[in-house]
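Heads up, the thing below is written out as structure tokens.
Counting starts at 1 for both ligands and their atoms, in listed order. Starting from 1, each residue takes its place in the sequence as its number.
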Amino acid sequence: MKIVFALGGSVLMPKEGASVDKIKEYADVFKKMKDENNEICIVVGGGNTARTYISVAREFANESFCDEIGILATRMNSMLLISALDNYAVKKVPENFKDAEIILNLNKIVVMGGTHPAHTTDAVAASLAEYIDADMLVVATNVDGVYDKDPRKHADAKKIKQLTTKELLNITGSASIEAGSSTIIDPLASKIIDRAKLKTIVIEGAPEEILKILNNTHSGTIINP
Ligand code: U5P
């Protein structure tokens with residue numbers, strides 16, 4: 001299978017900072033998936049690093065400049081994951097899809113971050129998945145699926161096990177696109193998922209949950225065209 005992951009930066013790089021064990025666990029999961037003959041692309045988010053920098057820079061600069069800072073954070077997180085992937089990856093973070101595809105064709109795992117301002121790495125991952133005709137997009141994040149409302153704010157929020165790409169558009173359509181925003185899936189990503197008719201799974205980004213994608217035993221949300 002050809003799988004693109006949107007790996008939340010807050011998952012890889014939590015508030016407490018990076019940990020050697022955690023990074024190794026993620027690297028081992030992706031190596032295992034590659035060993036099982038899957039083609040793997042990982043688009044890494046900016047996490048806490050991006051949000052901290054953006055919140056200060058916003059006092060001085062416009063959203064586009066804040067986005068540029070966010071993009072650098074995503075590339076720094078990408079390099080961290082690459083550092084633990086040995087020869088499964090190349091020591092370069094591609095900045096566009098053509099370069100990502102070249103790396104994939106070298107039989108390596110692709111690890112990349114952002115590309116251009118005004119969207120998040122979810123949109124990059126969805127767009128990359130469309131570009132390379134991936135079988136599946138997996139959004140691995142700090143929420144364990146798509147809910148009818150934000151579960152971090154509403155105790156009565158209900159997880160949706162399965163939905164269509166059109167229903168996803170209704171849930172995410174009105175979300176903000178300001179730098180560093182963190183909705184479950186960014187509105188542009190939802191539009192790309194819909195137009196590309198992309199099978200998408202939203203799961204909690206723990207390493208063991210990511211591995212469950214292969215045998216379909218994860219407890220996330222499945223989004224079908
Ligand atoms: N960002 C972009 N374009 C990209 C990727 C990221 O502008 O292609 C910026 C956004 O401000 C985003 C931040 O919120 O970097 C961190 O990425 P993410 O963790 O939200 O995906």
For ligand 1, indicate whether the residue [X] contacts it via side chain, backbone, both or neither (heavy-atom separation under 4.0 Å).
X	value
Ala73	neither
Asp67	both
Glu63	neither
His119	both

Below 4.0 angstrom from a heavy atom of [X], which ligand 1 atoms are there? Numbered from 1 as shown, please.
X	answer
Thr115	4 (C), 8 (O)
Gly70	13 (C), 15 (O)
Thr120	5 (C), 20 (O), 21 (O)
Val124	8 (O)
Gly46	17 (O), 18 (P), 19 (O)
His116	2 (C), 3 (N), 4 (C), 7 (O), 8 (O)
Gly114	4 (C), 5 (C), 8 (O)
Thr74	17 (O)

Using a cut-off of 6.0 Å, state whether more than 12 heavy atoms not belonging to Lys159 lie near its atom NZ.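 Enclosed.
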
State whether the shortest distance between N or O atoms of Ile54 and N or O atoms of ligand 1 falls below 3.5 angstrom.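 Ile54 vs ligand 1: no N/O contact under 3.5 Å.
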
Ligand 1 to Asp122 polar contact by distance, N or O atoms, under 3.5 Å: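 For ligand 1, there is no N or O atom that lies under 3.5 Å from one belonging to Asp122.
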
Is the distance between the ring centroids of Phe5 and Phe30 under 6.0 Å?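 Judged by ring-centre distance (under 6.0 Å), Phe5 and Phe30 do meet the cut-off.
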
So is Glu68 close enough to ligand 1, meaning a heavy atom under 4.0 angstrom away?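 It does not; every heavy atom stays at 4.0 Å or beyond.
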
May I ask whether Pro117 places a heavy atom under 4.0 Å from ligand 1?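 Contact check Pro117 vs ligand 1: positive.
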
Option passing side-chain contact (heavy atoms from CB on, under 4.5 Å) with Val139 (candidates Ile203, Asp122, Ile201, Thr121):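 Only one of Ile203, Asp122, Ile201, Thr121 forms a side-chain contact (heavy atoms from CB on, under 4.5 Å) with Val139, namely Asp122.
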
Qualifying residues under side chain to side chain donor-acceptor pair (under 3.5 Å), relative to Asn37, sequence neighbours excluded: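 For Asn37, no residue satisfies side chain to side chain donor-acceptor pair (under 3.5 Å) once neighbours in sequence are set aside.
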
Look at the side chain of Ser55 and the backbone N and O of Thr52, then say whether any donor-acceptor pair between them is shorter than 3.5 Å.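 Such a contact is found between Ser55 side chain and Thr52 backbone.
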
Same apolar cluster (I L V M F W Y, side chains within < 4.5 Å links), Leu128/Met1: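 Linked, Leu128 and Met1 end up in one cluster.
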
Would you kindly confirm whether Leu104 and Leu7 end up in one hydrophobic cluster when ILVMFWY residues are joined by side chain heavy atoms under 4.5 Å apart?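 Yes; tracing contacts between hydrophobic side chains, which count when under 4.5 Å, links both residues.
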
Could you tell me if Lys197 and Asn224 have a donor-acceptor pair between their side chains, going purely by distance under 3.5 Å?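 Distance-only check fails for Asn224 and Lys197.
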
Can you confirm whether the side chains of Ser64 and Asn62 place a donor and an acceptor under 3.5 Å from each other?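 Checked: Ser64/Asn62 side chains show no N/O donor-acceptor pair below 3.5 Å.
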
Of all heavy-atom pairs between Val146 and Thr221, which one has the smallest distance, and what is that distance?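 For Val146 and Thr221, the tightest heavy-atom pair comes out as N-OG1, 2.8 Å.
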
Of the listed options Ala123, Ser64, Ala6, Ala50, closest to atom 16 (C) of ligand 1 (non-hydrogen atoms):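 Minimum heavy-atom distance to atom 16 (C) of ligand 1 goes to Ala50.
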
Any pair counted as salt bridge (charged side-chain N to carboxylate O under 4.0 Å, His left out), so long as it reaches residues 8-23, sequence neighbours left out: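 Of all non-adjacent pairs touching residues 8-23, those that pass salt bridge (charged side-chain N to carboxylate O under 4.0 Å, His left out) are Lys22-Glu25.
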
